[in-house]
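Remember, it's 1-based here, ligands and their atoms both numbered in the order they're listed.
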Amino acid sequence: MRKKIIAGNWKMNKTLSEGLSLASEVVNMANDEAPSDVTLVLCTPAIHLSQVSAIAKDAKTVFVGAQNISEHESGAYTGDLSADMAKSAGASFVILGHSERREYHFETNTQLAERVKLALAKGLTPIFCCGESLETREANEHVEFVNNQLKESLFDLSAEQMSQVVIAYEPIWAIGTGVTASSDQAQEMHKSIRTSLASNFGEDVAEGISILYGGSMKPANAEELLAQPDVDGGLIGGASLKSRDFIDIAKSY
Ligand code: PEP
């Protein structure tokens, strides 16, 4: 059975006190009404991590994640967050390779490969993001493009390491735009990702990996997306900033 995961990416939103209120609401609702087989992850700004982790301890199904880590263990990298820091602040997940990081901070597949390995070595579960631009999709090169992202960042891992990675397919054209991939488009790409994982790591590993969909997922469209056989959860941006919406997405499973 693959893990069902609904992860919220708060991005650069919420002051500390606003974030703590949101986390408390999510924890209370998770305890009262969220399905017990769905893992909820709050990927907060770094400054929120330790206090949100303390709040999340009150819920069995809520965990905390960072939004990025450095590929360096420590040192003179002003403004960066290390894997050890994230871990010591209570994170158990980390988003890596979000398209906003790739676009605005020029993160490369090679650099992300190093971060994935470091995250795993430090006991953080990477949520590795992949996904194509509208231009790439319109050129019908999306499958090849995403495969290449996986190949350059993940295919060097051992099967054991790979089985600890979560993948998030996030078509860039669907992120924050209100345009969602159709359930067919999502399923097609998730299936293709799983097939590619199977050919590199074997059927058993591929079958066990959770592949999340991200891109304007909200309560109104979650049920249909989450019903697809290869969609194992969601990475939620905008809708994760409202506790009601976030929990309602988890309840659509
Ligand atoms: C994201 O940024 O990971 C995301 C999926 O954002 P949104 O849900 O707002 O499209």
So, [X] and [Y], do they make that salt bridge, N to O below 4.0 Å?
X: Glu107; Y: Arg115; value: yes
X: Glu203; Y: Arg194; value: no
X: Glu25; Y: Lys242; value: no

Hey, does [X] come in under 3.5 Å of ligand 1, counting only N/O atoms on both sides?
X: Thr177; value: no
X: Gly238; value: yes
X: Ile236; value: no
X: Gly176; value: yes

For [atom], closest protein heavy-atom neighbour:
atom: atom 1 (C) of ligand 1; value: His98 NE2, 3.2 Å
atom: atom 2 (O) of ligand 1; value: Lys11 NZ, 2.6 Å
atom: atom 4 (C) of ligand 1; value: Gly237 N, 3.6 Å
atom: atom 3 (O) of ligand 1; value: Glu170 OE2, 2.7 Å

State the atoms of ligand 1, each with its element, that fall below the 4.0 Å cut-off from a heavy-atom position in [X].
X: Gly215; value: 5 (C), 10 (O)
X: Ile175; value: 1 (C), 2 (O), 4 (C), 6 (O), 10 (O)
X: Ser216; value: 7 (P), 8 (O), 10 (O)
X: Ala174; value: 10 (O)

Checking Lys151, Gln149, Arg102 against Asn109 for side chain to side chain donor-acceptor pair (under 3.5 Å), the one that qualifies is Arg102
In this structure, NE2 of His98 is separated from CG of Asn9 (nearest 0.5 Å) by 5.0 Å
Rounded to the nearest 0.5 Å, the CG atom of Asp232 sits from the NZ atom of Lys4 at a distance of 9.5 Å
Honestly, for Asn9 the part within reach of ligand 1 (heavy atoms, under 4.0 Å) is side chain
So for Ala239 against ligand 1, with non-hydrogen atoms under 4.0 Å, the contacting part is neither
Sub-4.0 Å heavy-atom contact, Gly178 with ligand 1:
no
Please check if the side chain of Asn68 supplies one atom and the backbone of Leu81 the other of a donor-acceptor pair under 3.5 Å.
no
(request) Give the ring-plane orientation class for His190 versus Tyr213, where under 30° counts as parallel, over 60° as perpendicular and anything between as tilted. (result) tilted
Contacts of Lys3 meeting salt bridge (charged side-chain N to carboxylate O under 4.0 Å, His left out) (sequence neighbours excluded), chain-then-number -> none
Sequence neighbours excluded, the answer for salt bridge (charged side-chain N to carboxylate O under 4.0 Å, His left out) partners of Lys14 is none
